[in-house]
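Reading through the structure tokens given below for one structure.
Each chain gets a letter, A, B and so on, in the order the sequences are listed, and its residues count up from 1. Quick caveat: nothing in here was measured; it's all calculated off a predicted structure. Hydrogens, waters and symmetry mates play no part in the numbers below; they use all other heavy atoms, side chains included.
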Amino acid sequence: MYALSLRHIYLIKGSLPRILDLIYWPTIQIVLWGFISKFFTLHTDLYNHTVGIILSSAILYDFLFRSSISFNMLFLEEIWSRNFTNLFVAPLKVSEIITALTATALLRTLIGIIPAVLLAAPFFGVSIFALGPSLVLLFLSLYLFGITLGLLVTSGLLRYGPAFENIAWSSLFLLAPLGCVYYPLSILPDWLQMVAKILPLVYIFEEVRSILLDNVVNYSNILTALKLNLIYFTSAVFIFYLAFYGARKKGTLINVGE
Amino acid sequence: MVAIEIKNLTKQFGNVWAVKNISFEINKGKIIGLLGPNGCGKTTTLGMMLGLIKPTSGSIIINHNNIENNRTGLLEKMNFISPYIELPKKLTVEENLKVYGKLYGVKNLKEKIYNLMEKLNLFEFRSRKTGELSSGQKNRVSLAKALINDPEILFLDEPTASLDPDVGDYIRGFIEDFASKKGSTILLASHNMNEVERLCHEVMMMKNGEIIDRGTSGDLINKHGRKNLEEVFLKIVRE
Ligand SMILES: Nc1ncnc2c1ncn2[C@@H]1O[C@H](COP(=O)(O)OP(=O)(O)OP(=O)(O)O)[C@@H](O)[C@H]1O
Ligand SMILES: [Mg+2]
């Protein structure tokens, strides 16, 4: 299990461009949002928390986005390198594959996001640590949801082959507007609010705003998010098992990618 | 002692019958060749024996364990090589072998890797990226990966497909040597008749998803009244 992570650590270690690539996008994201929100505060006095809220949200959302993408990329990497079958003839349990991917995805995500977090402080005077101790729970929630999405897309890859890859990318973009990452839930039309409320994201980002704006930590939001995430995560693991079973039936474990 | 026991094995992909109700046994320590035309079901058979493909019906018993009940337990003692799968290209030869050695829980890994690299003439490439090697060199790395856990049971799908005759010959000798030292059971799917004649104790002939003949190369040659295995193959395929 550790060995599977090791393979990716070698991969990352062996390639500076890869590390830069991991760092590049989150950083650009933060810089972009940093300037956009700064621009808005120059022209309105609506509230002076804008930069802080937008940037904190951007960092947190990027963390989610990266965990999910990392998880998928790790798996796609095996398909692209045609190493896939080698792994499935090794004595690895499905649960071990999931655990290794989950752990390695975290590492990959942190490499990318930490520089962005550090950058936000000197450039825009924003520190996500302003969120206080609940930050840990928020990150945990986002990570769980990221891995959940990763598992679902990976299940699709397993079952339907690499053609499923596009869905990997688009599914995430679909979630941003529904997740109410940058604006309160009340902005959405009623029927979309209903949909959004099924997603754990809403509770997480509402909470970010509530902490930063009103200085109140509402643990019931955090708990709801965690509970929802656990439900989704468990289902995703179940679906991954189903996909593995389906792939064995269809024979895609031995010649996927051709 | 029986190492592999296949009973009424069938695989249907949609409406394609890739493998039709085959049964056979292989004794421990034997090298068995699996011959047959393209698409006759060789890879599918190997895939089922590795637990990669779920049979439509029938059973696969390896070391007295059903692969469906104890997949990972059995995989620890098995290994596989195929020209269609590769090791990660961006990792060096040594890194790849290390990763796989750890996946298989190999003891004294460093020593084992050095030993394999030495014997397979890979030592000078150990710090090179696997993807930068020639296909013959890659093939040897894959073979090193396949032998890293001293497999009791080894499945070889066209193991010398991309090797020049000299290296191919060397590898055949190496496999022969490995099998006799470790007492491994080997199932070898190949289109190279010389290879099969030289390495295999017995040959199974497959056609349209069925095993239609089995025996030593000599037996098959006599039985079909031909000069060599290649002619036997052609006769069976064209019948
Ligand atoms: N995953 C799959 N889905 C659908 N059909 C498949 C699949 N894998 C194999 N087949 C079909 O099953 C049959 C047997 O294929 P298989 O790969 O086992 O042949 P083979 O004997 O290994 O051939 P070759 O000598 O070309 O490697 C073929 O008709 C093939 O098209
Ligand atoms: Mg084949």
Side-chain angles (χ1 to χ4, degrees), chain A residues 1-19 21 73-100 104 158-159 161 241-258, chain B residues 11-14 16 18-19 43-44 46-56 68 70-92 94-96 98-106 109 127 129-131 138 142 145-146 148-149 151 155 157:
Chain A
M1 203 161 85
Y2 157 71
L4 192 55
S5 311
L6 185 68
R7 171 241 190 287
H8 292 283
I9 294 171
Y10 279 143
L11 188 65
I12 296 172
K13 197 186 75 185
S15 154
L16 189 64
R18 239 169 241 272
I19 299 183
D21 193 47
M73 289 303 285
L74 292 175
F75 199 78
L76 279 169
E77 191 85 49
E78 308 295 5
I79 295 181
W80 289 331
S81 66
R82 296 157 146 263
N83 179 42
F84 191 74
T85 308
N86 276 327
L87 288 180
F88 284 107
V89 299
L92 271 174
K93 294 201 183 82
V94 176
S95 59
E96 289 171 333
I97 294 178
I98 296 178
T99 317
T104 321
L158 253 180
R159 184 70 176 74
Y241 272 90
L242 277 183
F244 179 74
Y245 180 82
R248 284 190 62 214
K249 239 175 158 169
K250 266 185 78 177
T252 42
L253 292 182
I254 202 164
N255 56 9
V256 76
E258 267 146 51
Chain B
K11 181 65 195 180
Q12 191 182 4
F13 290 113
V16 178
V19 172
T43 301
T44 305
L46 294 183
M48 288 193 280
M49 295 169 83
L50 285 158
L52 289 174
I53 299 175
K54 190 175 165 53
T56 306
E68 289 297 318
N70 188 12
R71 207 177 78 87
T72 44
L74 286 173
L75 285 176
E76 266 171 42
K77 299 184 185 113
M78 292 157 61
N79 218 319
F80 177 51
I81 177 173
S82 149
Y84 306 107
I85 59 180
E86 286 174 17
L87 291 163
K89 296 177 189 60
K90 306 245 167 65
L91 266 58
T92 67
E94 197 175 346
E95 284 171 346
N96 262 323
K98 238 184 188 160
V99 167
Y100 276 92
K102 294 208 157 125
L103 280 177
Y104 283 92
V106 175
L109 183 56
S127 312
K129 295 229 156 72
T130 310
K138 273 187 207 148
S142 295
K145 173 249 146 187
I148 195 107
N149 61 333
F155 296 112
D157 202 353

Hey, could you give me the CG/CG distance between B/L75 and A/L92, rounded to the nearest 0.5 Å? 9.0 Å

Given the options B/E68, B/M48, B/Q12, B/K77, which has more heavy-atom pairs under 4.5 Å with chain A than any of the others? B/E68

Heaviest contributor of heavy-atom pairs below 4.5 Å to chain A, chosen from B/G47, B/S82, B/G51, B/A146, is B/G51

Rounding to 0.5 Å, atoms CG (B/L50) and OG1 (A/T85) come to a distance of 9.5 Å

Nearest 0.5 Å please: distance from the CG atom of B/L91 over to the CG atom of A/N83. 9.0 Å

Any non-hydrogen side-chain atom of A/L87 less than 4.5 Å from a side-chain atom of B/L103? yes

Could you tell me which non-hydrogen atom of B/Y84 sits nearest to which non-hydrogen atom of A/R82, and how far apart they are? O-NH1, 2.8 Å

side-chain hydrogen bond (donor to acceptor under 3.5 Å, both in side chains) partners of B/T130, counting only residues at least two apart: B/N96

Tell me if the NZ atom of B/K54 is crowded by more than 12 foreign heavy atoms within 6.0 Å. yes

Using non-hydrogen atoms and a 4.5 Å limit, figure out which bit of B/F13 sits close to chain A: side chain, backbone, both or neither. side chain

Part of B/T44 lying under 4.5 Å from any heavy atom of chain A: neither

Please name the pair of heavy atoms, one in B/E86 and one in A/N86, separated by the smallest distance, quoted to 0.1 Å. O-ND2, 3.2 Å

Around A/Y245, counting heavy atoms of other residues, nucleotides and ligands shown, do more than 12 lie under 6.0 Å from its OH? no

